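Shown next, in structure tokens, is the structure this report addresses.
Below, each value reflects all heavy atoms present in this structure, side chains not excepted, and no hydrogens, waters or symmetry copies. Predicted model, so just to flag it, every value in this text is computed and none were measured. In what follows, chains are A, B, ... by sequence order, proteins preceding strands, each numbered from 1.
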There are 2 protein chains.
Amino acid sequence: MADPTSPHPGTSALRVYPHDLETRVDRKESLVEDAYRALKASILDGTLPAGYQAVEHRIADQLNMSRTPVHEAVIRLQHEGLVRVLPRRGVQVLPISAIDMVEVYQVLVAMEGMAAMLLAQHPERAEASIRMMEDATNQMERALKGEDLRGWARADDQFHRVLVSECGNQRLAKMAATMVDQAQRARTVTLQFRQLPHASVQEHRVIISAIRAGDTLGARTAAEAHRTRASGEIIKAIERL
Amino acid sequence: MADPTSPHPGTSALRVYPHDLETRVDRKESLVEDAYRALKASILDGTLPAGYQAVEHRIADQLNMSRTPVHEAVIRLQHEGLVRVLPRRGVQVLPISAIDMVEVYQVLVAMEGMAAMLLAQHPERAEASIRMMEDATNQMERALKGEDLRGWARADDQFHRVLVSECGNQRLAKMAATMVDQAQRARTVTLQFRQLPHASVQEHRVIISAIRAGDTLGARTAAEAHRTRASGEIIKAIERL
DNA sequence: AAATGTTATCTGGTATGCAAGAGCGCATAA
DNA sequence: TTATGCGCTCTTGCATACCAGATAACATTT
């Protein structure tokens with residue numbers, strides 16, 4: 001702040017967007033949580049691009065806190081595979097490789113398949129969740145018509161986040177959410193290079209109706225097929241980069 | 001150390017086994033890692049039973065380090081669902097509920113099913129891993145004949161850890177390992193109340209031969225069926241407690 | 001004796017201080 | 001001019017210090 005002209009290449013990216021980071025800190029739960037959310041959000045939406053590198057102390061200054069909570073948040077992000085700390089080099093935002101996405105989507109196929117199955121086991125209990133997934137899907141359709149790729153991606157994310165967070169299994173929900181984060185980030189990067197993804201809307205509807213019908217196997221199969229197909233597209237897109 | 005007779009109820013359990021904790025600290029990677037491993041191992045094998053409660057500072061004393069690394073390790077364990085920190089009460093080892101095990105086994109069904117499928121996609125590449133699983137299964141059989149329940153459990157664990165760690169997907173491996181940890185802990189508690197589990201050996205062999213035959217769907221189905229059945233038994237055993 | 005208010009203490013979260021090691025640059029020598 | 005070696009700096013990991021808030025015990029009053 002005292003030196004807004006500092007031209008160090010390693011720190012410029014953070015200095016360019018100080019407001020973005022600070023405004024993301026609103027919750028008062030704990031500073032570690034604040035730092036975690038702020039950094040993660042910035043990484044996921046591309047504000048902090050792959051390869052971006054910064055030192056804990058500087059991040060702490062940006063977020064108006066000491067190194068301690070930043071340190072813990074960074075370690076958490078490292079465990080999730082979003083950053084790595086290079087000894088005596090600083091924290092580095094990891095690039096997304098095709099191999100990473102293969103892994104992420106394999107996990108998502110397994111977990112969302114299970115989540116869809118669990119929801120289908122109690123369709124009546126899950127009605128509110130199903131409605132949310134329907135809303136998200138409808139919004140995807142609207143966004144597609146308006147060729148609003150960002151809006152489509154946001155709604156698609158919403159569908160998948162509801163699917164796993166409402167399945168009733170908190171452990172599954174939490175792990176799958178971490179994978180969805182990574183998928184979201186990959187998509188943010190590749191979005192501009194892709195065709196309009198028309199198939200998703202229909203596939204989501206198949207999943208929804210199987211869940212509502214209590215067709216556990218059908219719901220699972222549909223969820224798996226959807227992620228498997230999407231997986232191929234994303235990975236091709238990443239390989240083109 | 002200076003006060004081996006301290007009778008505080010909240011700290012006695014740790015004081016009783018100082019050697020157990022300290023001898024687990026051998027790696028020199030980082031103190032956080034040391035603390036994490038020591039605490040986790042003690043929780044998994046029952047040295048620190050559910051309900052056990054201690055204060056970070058005291059744990060740090062036991063492990064001959066400061067609070068900082070202990071604090072970080074505890075937070076990690078909390079994320080994994082093994083402990084929780086009660087504000088101004090200390091760190092508490094969580095009990096294992098039937099609901100927890102339902103969740104854990106649902107995740108394992110999904111992930112080990114996927115892992116078996118991935119292995120079956122490249123049986124030749126996986127030959128070394130398959131051998132390890134065979135060894136583990138043979139050892140289970142021997143342990144059963146000798147009615148060595150502990151030995152059986154150890155070998156069974158080994159089988160499942162190899163299955164997920166060798167599947168080629170590191171994210172899946174890491175997440176599944178966390179779930180296997182919890183399953184292991186639950187089994188340690190319930191082992192004494194169970195019948196000799198004869199079915200497992202045969203089921204493992206089915207999984208192995210499907211993988212070796214490159215039968216992806218069969219491997220997946222067999223792995224799922226195995227965990228699904230075992231799930232029922234463990235959960236019944238826990239509910240009896 | 002019981003209930004309530006006050007205060008001392010204890011804990012986790014956070015900040016700051018300290019040390020060790022690796023990289024980078026500069027100086028010196030060939 | 002180039003290569004090599006020494007030392008300074010910079011960064012993380014760990015230790016220590018500090019603080020706010022909640023609990024629990026004690027005292028006081030009814």
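With respect to the salt-bridge test (charged N to carboxylate O, under 4.0 angstrom), the residues Asp181(B) and Arg161(B) qualify. With salt bridges taken as basic N to acidic carboxylate O contacts below 4.0 Å, none links Glu72(A) and Arg76(A).
A parallel orientation is assigned to the rings of Phe159(A) and His204(A), their planes being inclined by less than 30° (bins at 30° and 60°).
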**OP:** Let me have a per-nucleotide readout for nucleotides 11-17 of chain D, 5' to 3', with B, S or -, counting only protein heavy atoms under 4.0 Å.
**Re:** BBBSBBB

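Inspection of the Tyr36(B) and Glu80(B) side chains reveals an N or O donor paired with an N or O acceptor under 3.5 Å. With hydrogens and angles left out, the side-chain atoms of Ser97(B) and Asp100(B) include a donor and acceptor closer than 3.5 Å.
With rounding to whole Å, Glu33(A) atom CD is found 15 Å from dT14(C) atom C1'.
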